[in-house]
Amino acid sequence: MPSSVLWLPRDGDVLALYVLDPALWGPAGGPRRSYLLRSLQAMDASTGGHLHLRRGDPVEQVVRAAAEVSAAAVHVAADFGPYGRRRDAAVERALAARDIALVRTGSPYAVSPGRVSKSDGEPYSVYTPFYRAWREHGWRAPAADSGELRWTRAAGAQRLPAEPAPPGLALPPSGEEAAQRRWAAFRDSGLAEYADTRNRPDLDGTSQLSHHLKWGEIHPRTLLADLTTRRGKGVETYRKELAWREFYADVLFRRPDSAREHFRPDFAAMRYDDADDRLAAWREGRTGYPFVDAGMRQLRTEGWMHNRLRMVVASFLVKDLHVGWRHGSRHFLRWLRDGDLASNNHGWQWVAGSGTDAAPYYRVFNPVTQGLRFDPAGEYVRRHVAELRHLPGAAAHEPWEHPDGYAHGYPRRVVDHGVERVEALARYAELREA
Ligand SMILES: Cc1cc2nc3c(=O)[nH]c(=O)nc-3n(C[C@H](O)[C@H](O)[C@H](O)COP(=O)(O)OP(=O)(O)OC[C@H]3O[C@@H](n4cnc5c(N)ncnc54)[C@H](O)[C@@H]3O)c2cc1C
């Protein structure tokens with residue numbers, strides 16, 4: 001995580017330190033671990049092999065490294081997640097006891113969580129007014145290049161562990177250069193059309209920068225600064241999407257409990273099922289709904305899923321299979337290369353209805369019409385679901401309508417969406433009455 005990259009200046013020298021924290025490493029999941037290691041390799045190369053890696057308790061390891069190089073200060077990007085805040089506060093106390101300052105140099109956001117508030121000081125819990133206030137608040141220009149740094153070394157560095165990506169999963173290039181290249185390509189050839197293409201998983205219509213943002217390989221201010229010199233619907237829409245990331249970070253900062261608990265406490269009374277077999281079918285992409293299964297299989301092969309699919313598969317789990325969102329958010333965090341507690345768990349809560357969705361009704365996505373609308377020629381489904389490749393065009397979305405639809409072993413539907421939609425609405429009505 002970017003917040004664990006520490007700089008320890010001593011007489012102008014800098015030690016680039018990264019602590020692999022077992023508390024995060026264990027639960028991170030193969031794709032994220034593997035991506036992080038590649039990112040660290042790229043950083044090591046960019047510092048001429050000076051990245052100093054340690055494993056263990058961050059308090060112990062940072063203090064030890066700082067003492068070894070007689071550091072005057074430890075610089076870190078501020079972390080706003082519940083665990084990161086506690087950890088950094090503990091590191092700060094331990095350093096202070098040795099007269100070493102912990103300096104939070106910026107954060108992974110354009111506007112740090114906690115800075116945008118309503119006029120009465122209360123936090124926003126709805127995106128659109130947050131967005132307006134966020135824009136009005138504004139942000140600084142990206143930090144200037146710090147020039148050539150004089151790297152130093154310390155004893156006790158450990159080697160990067162090996163963590164190959166899980167079988168069948170292909171990860172994109174990582175590191176700052178890869179992020180800059182991807183941004184330049186998207187900015188120059190995708191941004192203008194973004195408002196029209198961003199909902200189409202069959203097209204390469206989004207920036208695919210989420211993992212670079214997650215791991216601190218590019219800063220949102222760099223992207224926002226580039227947007228100021230451009231005009232058009234795509235530019236405005238892209239700025240709004242970046243603001244969702246900032247909004248969810250702010251919501252989580254203000255309500256750390258919402259990482260695990262329902263943001264709307266009344267949802268504690270919502271009835272969910274223990275449906276292990278259905279949950280397994282969903283995880284493995286064999287629900288019998290082609291659009292849903294394509295999304296779940298993309299997750300397993302790329303460690304990424306298009307945003308439209310994240311909404312559709314989340315809705316399917318919670319509102320068609322009646323499984324609580326926490327099961328889904330855990331699975332996502334295990335498999336997403338961009339897995340981020342704030343964006344993920346609040347994305348899930350938004351879909352589940354227990355979060356910040358401001359819609360006055362209970363939204364239930366139709367997995368078939370969503371597919372027909374956003375993947376009109378069935379290309380996305382055929383790309384990810386081999387058993388449906390024989391069905392041409394939009395037919396791939398409805399194998400049950402074709403005599404040879406199941407000829408290659410595609411599974412039958414685990415539930416009837418029409419029936420489950422009614423059931424989901426009934427459960428919501430029960431909750432409201434309660
Ligand atoms: C159930 C669910 C879970 C999600 N989990 C994550 C997660 O773990 N990590 C994550 O980064 N995003 C998550 N998202 C948000 C979104 O799906 C991804 O950020 C997006 O698909 C990444 O692809 P991209 O970079 O091509 O996005 P683009 O469309 O190019 O958007 C640009 C950037 O804006 C931000 N962004 C866009 N949409 C959202 C959004 N709805 N919420 C927050 N930020 C957004 C991302 O940083 C993204 O990289 C989730 C959404 C849902 C519905």
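Here, residue 1 is the first one in the sequence, and each next residue gets the next number.
Judged by distance alone, the side chains of Y194 and E241 never bring a donor and an acceptor atom under 3.5 Å apart. Residues E163 and S34 have side chains that never bring a donor and an acceptor to within less than 3.5 angstrom of each other. If you check the side chains of W134 and D250, you find no donor sitting under 3.5 Å from an acceptor. A donor-acceptor contact closer than 3.5 angstrom is absent between the side chains of S107 and R115.
Residues T206 and R198 come closest through the heavy atom pair CG2-O, 3.6 Å.
A salt bridge is defined here as a Lys NZ or Arg NE, NH1 or NH2 lying under 4.0 Å from an Asp or Glu carboxylate O, and R310 with D338 meets this definition. Ion pairing between D120 and K118 fails under the 4.0 Å rule for side-chain N and carboxylate O. Between D273 and R427 there is a salt bridge, since a side-chain N of the basic residue sits under 4.0 Å from a carboxylate O of the acidic one. Using a 4.0 Å cut-off between charged nitrogen and carboxylate oxygen, E236 and R135 count as a salt-bridge pair.
Both tests do not hold together for R200 against F374: distance to the six-membered ring centre under 6.0 Å, angle to the ring axis within 45°. Cation-pi check for R413 over W400 is met; the charged atom lies under 6.0 angstrom from the ring centroid and within 45 degrees of its normal. Geometric assessment of R55 against the ring of W25 yields a negative cation-pi assignment under the 6.0 Å and 45° thresholds.
Checked against the 6.0 Å centroid criterion, the rings of F247 and Y124 do not qualify as a close aromatic pair.
Annotation: side chain of R87 is in contact with side chain of D79 (closest heavy-atom distance under 4.5 Å).
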